[in-house]
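Scroll down for the structure; my scribbles are underneath it.
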Amino acid sequence: MRTMEWKNNCLVMIDQRRLPWEEVWVELEDEHAVAAAIRDMTVRGAPAIGVAAAFGMALAARRIPATGRDEFLGQMEAAGRVLRGSRPTAVNLAWAVERVLRAVRAVVGPADALAEAALFAAQRMADEDVEINRHMALNGAALVRDGDTIIHHCNTGALAAVDWGTALGVVFMAHQQGKRVHVLLDETRPRLQGARLSAWELERAGISYEVIVDGASGYCMRTGKVNIALVGADRVAGNGDTANKIGTYNLALAAQDNGVPFFVVAPISTVDLSLKSGDEIEVEQRDGEEMHSSYGARLYPAHFKVRNPAFDVTPARLIAGIVTENGIARMPYRESLAGMVAKA
Ligand code: MRU
């Protein structure tokens, strides 16, 4: 399922806030609308927000009046700042903006040629995302055996990318290969990406699953029925420390204590070699209203004090391997990840 595309000079995407209740597609016409959609999580998931930002750059390029090249590039850089500022943790966002800027800077010609280059770069990134995820899914599916129960956090399926997804992409591939798998989906408080989005995707694919509350993951592993943990990533530091949805670290600790191999599935574009360790990753802090209320239902009084970090960092020592499109990186990650980035 392709979850976003360029149509009639707009970016069209499925509104993830309305799932699983309704399938609504929204049309975005400029970079400000794309930045707002990333911020309010109409679109979410690291690869998906990267590609959305690339299309945001293409939308900006179309609206810049015919001016000189320097002026055009200046306005493109301003659009890049708007998009980059929408969410801080997933490196794919800054990476995608930079890639479109590079494509535009490489063109010498009138404004419409530069705008064309921006759109071409964005479309190419969307198509590449699908191919990369398919390769990653094939690499990861080799870790999954017939009859396995997989534990998973957040949503990492087609909704979190353009198609296939990362960790859930591995599940889709294993299923397609005829392996019978069962997936335990952490609900993933506070926004319930696991219960709303991952369950919706697995249900459509006809894959066996159960949603569990986040706090039940340790129990499920301790009572012996989980074979492997698969999660995605928003940013992987050079030493393999991995930022992902809040609760991932707890899951990795429980996996370690119960001998369940814990794998991260992420494209090379999520690896940030400029960071030495996970301590340097900026963790987004979101509005506490997401905790007080869940999709219209008030859960506890709005004046109760809360803290709402959206991500956490799992230390590399808890990670059995990082599945990429170029193979599975293993410890020591500094060397294996650098090798994979160089190959890309
Ligand atoms: O806040 P979200 O829903 O954007 O967080 C998403 C995640 O943490 C995913 O696990 C991550 O982006 C990898 S998705 C392929």
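Predicted model only: the values in this text are computed from it and were never measured. Counting starts at 1 for both ligands and their atoms, following the listed order.
Within the structure, the closest approach of M41 to ligand 1 falls below 4.0 Å when heavy atoms are considered. The closest approach between any non-hydrogen atom of A233 and ligand 1 is below 4.0 Å. Under a 4.0 Å heavy-atom criterion, P47 is in contact with ligand 1. Heavy-atom separations between C154 and ligand 1 include at least one value shorter than 4.0 Å. For R87, the closest heavy-atom approach to ligand 1 falls below 4.0 Å.
For atom 7 (C) of ligand 1, the nearest protein heavy atom (residue, atom name, distance) is D234 OD1, 3.3 Å. Ranking protein heavy atoms by distance to atom 15 (C) of ligand 1, first place goes to T166 OG1, 3.1 Å. The protein non-hydrogen atom at the shortest distance from atom 12 (O) of ligand 1 is A46 N, 2.8 Å. Protein heavy atom at the shortest distance from atom 5 (O) of ligand 1 is K245 CE, 3.3 Å.
N155 pairs with exactly one of E201, Q193, R196 by the side-chain hydrogen bond (donor to acceptor under 3.5 Å, both in side chains) rule, that one being E201.
Of the inter-residue distances, the one linking D15 atom CG with T3 atom OG1 reads 12.0 Å to the nearest 0.5 angstrom. With values rounded to the nearest 0.5 angstrom, D186 atom CG is found 5.0 Å from D214 atom CG.
Taking the six-membered ring where the residue is Trp, Y300 and H292 present perpendicular rings, their angle passing 60° and hence far from 30°.
In the displayed structure, R330 atom CZ is contacted under 6.0 Å by more than 12 heavy atoms of other residues, nucleotides or ligands. In the displayed structure, E116 atom CD is contacted under 6.0 Å by at most 12 heavy atoms of other residues, nucleotides or ligands.
Looking at ligand 1, you won't find any N or O of T156 less than 3.5 Å from one of its N or O atoms.
Of the candidates A158, A160, G157, the one placing a heavy atom closest to atom 14 (S) of ligand 1 is A160.
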